[in-house]
Number of protein chains: 2
Amino acid sequence: MNTLELIKKNLDTFSKSERKVAEAILASPQTAIHSSIANLAKIAEVSEPTVNRFCRRLDTKGFPDFKLHLAQSLANGTPYVNRNVNEDDGPEAYTSKIFESTMACLNAAKNGLDTNLINRAVDVLTQANKISFFGLGASSSVAHDALNKFFRFNIPVSCFDDIVMQRMSCINGSEGDVIVLISHTGRTKPLVEIAQLARENDAFVIALTAEDSPLAEQSNLVLSLGVPEDTDIYMPMSSRIAQLVLIDVLTTGFTLRRGAKFRDNLKRVKAGIKDSRFEKTNDEAL
Amino acid sequence: MNTLELIKKNLDTFSKSERKVAEAILASPQTAIHSSIANLAKIAEVSEPTVNRFCRRLDTKGFPDFKLHLAQSLANGTPYVNRNVNEDDGPEAYTSKIFESTMACLNAAKNGLDTNLINRAVDVLTQANKISFFGLGASSSVAHDALNKFFRFNIPVSCFDDIVMQRMSCINGSEGDVIVLISHTGRTKPLVEIAQLARENDAFVIALTAEDSPLAEQSNLVLSLGVPEDTDIYMPMSSRIAQLVLIDVLTTGFTLRRGAKFRDNLKRVKAGIKDSRFEKTNDEAL
DNA sequence: ATTCGAATGTAATAAAATGACATAAAAACG
DNA sequence: CGTTTTTATGTCATTTTATTACATTCGAAT
């Protein structure tokens with residue numbers, strides 16, 4: 001855990017002098033990591049061994065080791081705990097807060113992912129006869145994005161954000177079809193019904209959604225992003241970014257699995273859009 | 001700059017013994033930060049002052065200071081320099097590489113952004129009579145996403161990924177219209193033409209695109225993400241994520257600017273989708 | 001009020017880092 | 001090709017820094 005947060009959290013478990021040390025560090029972490037133990041002791045108005053004991057209490061080997069941990073926690077982007085945007089933030093402030101919280105969220109998502117499940121999902125996708133991506137509302141753009149990526153593999157792939165089309169597509173389904181359903185909450189009724197319908201028609205259902213949600217229960221394979229969406233007054237932001245990155249991961253896994261043969265396909269698609277470009281075209285998507 | 005990368009880059013500027021130190025550190029940075037100077041000297045098979053001199057050469061005050069820098073650079077997500085996916089990566093490997101490179105990319109984007117321009121863009125958006133988001137190909141999902149966000153503000157907003165619709169929409173435009181064009185390269189011909197057309201019809205054109213691109217030249221305001229897209233054989237991934245986060249930033253700026261009054265609107269939209277959900281509905285998007 | 005135990009500080013010790021100097025290696029020059 | 005000069009490296013002494021052992025103080029409990 002972030003050392004700085006750890007200190008903050010344990011403030012009341014410290015003794016009087018140790019708290020002085022804690023406060024001196026919190027007041028200026030940057031000073032702390034560049035001070036000797038003697039210097040920090042003077043700043044905190046305690047003795048040197050007290051500082052040392054403080055460090056040990058935080059599960060470090062001693063003062064130098066503690067400085068290392070602290071330095072790392074300072075480097076970690078989010079120096080202070082609360083990164084929520086508030087009313088009177090200026091452009092500078094809210095821009096970096098949003099970027100930082102998105103990064104933190106991706107980091108959390110990364111750590112919470114089960115790579116075995118990802119591998120399974122890639123397995124299933126590579127063997128699919130046809131792949132469909134469905135999402136509603138905010139998740140529909142994630143589905144579109146997935147379409148845009150998978151379509152380059154030159155395999156049958158579709159994407160609908162219209163519930164009627166989704167239903168029809170499911171009904172016409174058959175074994176070998178893979179349906180990828182995207183929903184952050186996993187509680188969107190129509191989508192849960194789609195999952196049922198798809199399975200009744202022998203399709204394989206992969207869900208990008210929350211664990212233990214109704215949608216998860218109806219799916220064959222669940223890729224959950226343990227992103228505790230900050231239920232602030234704004235809208236789902238980070239969670240969706242994490243979904244997109246997960247799509248990137250699946251796409252990459254797919255590409256690797258299919259091997260060199262399929263990489264040629266990508267090149268062909270890219271070449272195809274080349275002449276709709278101005279010169280100096282470096283080959284990626286529009 | 002990242003200390004580890006710095007060492008790697010300057011490998012050939014070091015002297016023979018110093019290179020030994022560099023290699024010992026690169027071989028196991030984790031060991032390095034937990035060693036004393038004596039220990040590291042022994043590992044690298046050099047004398048202690050050599051290690052010290054090595055540290056100074058990297059613009060640090062000495063060995064302890066160097067360890068601090070190194071520790072920070074190790075904490076920064078990208079422990080090793082080359083984070084590109086390669087053929088024989090397993091799920092574990094490519095998953096974390098993609099997440100990490102996305103995070104690194106967001107960090108770069110964050111640092112490269114001009115918050116003054118963001119503020120201007122928010123200004124323009126709040127004063128718009130009508131906002132349109134246009135993108136083609138991979139960027140169309142970004143446009144969709146923007147639509148999904150801005151539509152909640154209860155203002156006239158549209159989004160087309162069809163070039164004909166985009167043209168028509170521009171032709172019907174008038175002063176007070178704001179067109180947001182999204183293109184990573186800024187070299188997609190049709191979109192550049194749209195920019196021209198829009199301006200001829202007195203619309204204000206905001207471009208999310210590369211600096212100094214044809215599209216940038218045709219726009220009133222350019223928000224550029226200095227994301228040097230890794231032109232590997234895969235597809236644009238990180239750059240698009242950065243665009244999405246930028247949309248998040250604009251949305252947030254918009255919300256803050258409009259103040260409390262408009263936040264009620266958001267609540268109403270959320271309430272509106274509530275009954276299409278299963279119980280335990282926490283109010284965010286689908 | 002007294003005693004016990006925890007918390008803190010003092011001073012000695014050990015460890016680590018740095019500086020000064022000497023030597024060895026390499027480069028430049030005749 | 002040898003000599004000189006420069007640069008790089010190592011040895012050893014010094015200083016700084018961290019840690020340990022022990023003494024003292026403070027505060028709570030009896």
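Each chain gets a letter, A, B and so on, in the order the sequences are listed, and its residues count up from 1. The shown structure was predicted, so the numbers you read here are calculated from the model rather than taken from an experiment.
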Trainee: Measure the shortest side-chain to side-chain distance between A:Val142 and A:Arg240 over non-hydrogen atoms and say whether it is less than 4.5 angstrom.
Mentor: yes
Trainee: Among the candidates D:dT20, D:dA18, C:dA17, find the nucleotide nearest to the side-chain atoms of A:Pro64.
Mentor: D:dA18
Trainee: NZ of B:Lys67 versus C1' of D:dA18: gap in Å, rounded?
Mentor: 12 Å
Trainee: Looking only at side-chain N and O atoms, does A:Arg56 come under 4.0 Å of OP1 or OP2 in D:dT20?
Mentor: yes
Trainee: How about A:Leu68 and B:His34: do any of their side-chain heavy atoms sit closer than 4.5 Å?
Mentor: yes
Trainee: C:dG19 base to B:Arg53 side chain: any donor-acceptor pair below 3.5 Å?
Mentor: no
Trainee: Of the listed nucleotides (C:dA16, C:dT18, C:dT10), which one gets closest to any side-chain atom of A:Pro49?
Mentor: C:dT10
Trainee: Taking the side chain as every heavy atom from C-beta outward, state whether A:Ile98 and B:Lys110 have any atom pair closer than 4.5 Å.
Mentor: no
Trainee: Whole angstrom is fine here: how far is it from CG in A:Leu68 over to C1' in C:dA16?
Mentor: 15 Å
Trainee: For the side chain of B:Glu18, starting at C-beta, report the closest nucleotide among C:dT8, D:dT9, C:dA17.
Mentor: D:dT9
Trainee: Need to verify one output field. Residue with the more 5' nearest nucleotide on DNA chain C, A:Arg57 or A:Glu48?
Mentor: A:Arg57
Trainee: Would you mind reading off the distance between A:Asp65 atom CG and D:dA18 atom C1', rounded to a whole angstrom?
Mentor: 13 Å
Trainee: Pull out every protein N or O sitting under 3.5 Å from an N or O of nucleotides 23-28 of chain C, one pair per line with the distance.
Mentor:
unit_1, atom_1, unit_2, atom_2, d
C:dA26, OP1, B:Lys16, NZ, 3.4

Trainee: Across the strands shown, which category fits B:Val51 at heavy-atom distances under 4.0 angstrom: base, sugar-phosphate, nothing?
Mentor: nothing
Trainee: Side chains of A:Leu256 and A:Val122: does their closest heavy-atom pair fall under 4.5 Å?
Mentor: no
Trainee: Does any part of the side chain of B:Leu223, heavy atoms only, come nearer than 4.5 Å to the side chain of B:Leu250, both counted from C-beta?
Mentor: yes
Trainee: A:Asn52 has a side chain; which of D:dT19, C:dT18, D:dA8 sits nearest to it?
Mentor: D:dT19
Trainee: Is the backbone N or O of B:Ser183 less than 3.5 Å from a side-chain atom of B:Thr209, with the two atoms forming a donor-acceptor pair by type?
Mentor: yes
Trainee: Looking at B:Ser15, I'd like to know whether one of its side-chain N or O atoms comes within less than 4.0 Å of OP1 or OP2 on D:dT9.
Mentor: yes
Trainee: Of the candidate nucleotides C:dA17, D:dT11, C:dT8, which contains the atom at the shortest distance from the side chain of B:Ser47?
Mentor: D:dT11
Trainee: Below the 4.0 Å mark, does C:dT8 have OP1 or OP2 next to a side-chain nitrogen or oxygen of A:Ser17?
Mentor: yes
Trainee: Do A:Phe54 and A:Leu58 have side chains that approach each other closer than 4.5 Å (heavy atoms only, starting at C-beta)?
Mentor: yes
Trainee: Given atom CZ of B:Phe66 and atom C1' of C:dT18, what is their separation to the nearest angstrom?
Mentor: 17 Å
Trainee: Would you indicate whether the side-chain heavy atoms of A:Leu70 and A:Thr60 approach each other to under 4.5 Å?
Mentor: no
Trainee: Would you mind reading off the distance between A:Arg19 atom CZ and C:dA7 atom C1', rounded to a whole angstrom?
Mentor: 14 Å
Trainee: Starting at atom CD1 of A:Ile37, determine the distance to atom P of D:dT20, rounded to an integer number of angstrom.
Mentor: 10 Å
Trainee: Round to the nearest Å and state the distance from B:Lys20 atom NZ to D:dT9 atom P.
Mentor: 9 Å
Trainee: Taking only N and O in the side chain of A:Thr50, is any of them less than 4.0 Å away from OP1 or OP2 of C:dA7?
Mentor: no
